[in-house]
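Chain A is the first sequence line, chain B the second, and so forth, proteins listed ahead of strands; every chain is numbered from 1.
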2 protein chains.
Amino acid sequence: MRNSSSARSPHQAQDHIVAERKRREKISQQFIALSALIPGLKKIDKASVLGDTIQHIKQLQEQVKLLEEQSKRINAESVVYVDKSKSEDVSDTSSNNVSLPEIEARVLENKVLIRIHCEKQEGVLMNILREIDNLDLTVINSSTLHFGASKLDITIIAEMDDEFKLSVKELARKLRVGLLQLM
Amino acid sequence: MRNSSSARSPHQAQDHIVAERKRREKISQQFIALSALIPGLKKIDKASVLGDTIQHIKQLQEQVKLLEEQSKRINAESVVYVDKSKSEDVSDTSSNNVSLPEIEARVLENKVLIRIHCEKQEGVLMNILREIDNLDLTVINSSTLHFGASKLDITIIAEMDDEFKLSVKELARKLRVGLLQLM
DNA sequence: AGGTACACGTGATGC
DNA sequence: TGCATCACGTGTACC
């Protein structure tokens, strides 16, 4: 109604205007602030800001969910737990009980550390050493520890010739190939 | 000006009104959609929605950043390559400096294998053994190999008392806590 | 009552 | 010329 229920004294009307101005200003500022948080925002009209914000939030939430799942996986119980949560998934649901050997290789300058965690078996060490020899590595030190009744934990420190350096990946792969065929 | 520069024919004026209505409706809908994405939102006025959205986005972005860093750490930090045919990417672009010790624990029946790969340092072995003693473990065998000039690779086989069994996770965690405070 | 919040119609501006 | 977007003042409703 033009002027029935809403009677307002002049100062009230002015207050109203000012208040509304302030409200708009606040919202406007937040739109600006929000825009700054949305990457790759080209149009800055309200609808676009809101739309892109919605998309961005969805994307972020999805990403967080994924990363957290991954994080859970890592911290989940496995037979092997490596500190720094840097772990290899060893939990093998589909695997057969005849556990395959685990082979790990590290390279430091021209030295290489090779570690094999495997089933106790006749002649394993010899085969490993032969394999290492094939790779032109010189053994500097080695240790063979018996773990329980059935497992062996072998660690070897070796030296690489300068003219024949390998990446850790290649190394582990070659060792695996060499070892698997005799198990 | 009341009616100088802005002359509008009746249907134009009506179009204007309708268009504006549509625009407002769109924005309004997006506010609703946005509200649904913000957890723990109590007030639903525009200012609050925008404010909480801003906060939520910041929080999400922070979280993503953290998780991604952690993820990088996990996938990159080490030069370790474990077999199981699952290739680890070893490429380390953002590698960090002072490598923390890597602690690994395995449990087999009442035996436990503990392996620590860390910087060469005075008294490391003693501290480890003390820590192991604190955990009521009995050392059966151990090996300390020097890897290059700066690294140590220590492997220990120990026995757990039946009445004090630990999970590998607890074990590694306790060892880490015990070790980190002296590095 | 006094404060807060909203939707509306309207004039202005920029492509 | 139109079309889209905005800020404004205003009426209204809720507590």
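One finds a salt bridge joining R23(B) and E20(B) here, because a Lys/Arg side-chain nitrogen approaches an Asp/Glu carboxylate oxygen to under 4.0 Å. Taking a cutoff of 4.0 Å between a charged side-chain nitrogen and a carboxylate oxygen, K58(A) and E62(A) do not qualify as a salt bridge.
Rounded to a whole Å, the CD1 atom of I44(A) is 13 Å from the C1' atom of dA4(D).
Residues from residues 17-41 of chain B that place a heavy atom under 4.0 Å from any atom of DNA chain C, listed by number: I17(B), E20(B), R21(B), R24(B), S28(B).
In this structure, S142(A) has no side chain to side chain donor-acceptor pair (under 3.5 Å) partners at least two apart in sequence or on a different chain. In this structure S48(A) satisfies the side chain to side chain contact (heavy atoms under 4.5 Å, CB included) test together with K43(A), D45(A), sequence neighbours excluded.
Checking the phosphate oxygens (OP1, OP2) of dA7(C), a side-chain nitrogen or oxygen of K46(B) falls inside 4.0 Å.
Residue-environment remark: CD1 (I32(B)) exceeds the threshold of 12 foreign heavy atoms within 6.0 Å.
A donor-acceptor contact under 3.5 Å is not formed by the side chain of H16(B) with the base of dG9(C).
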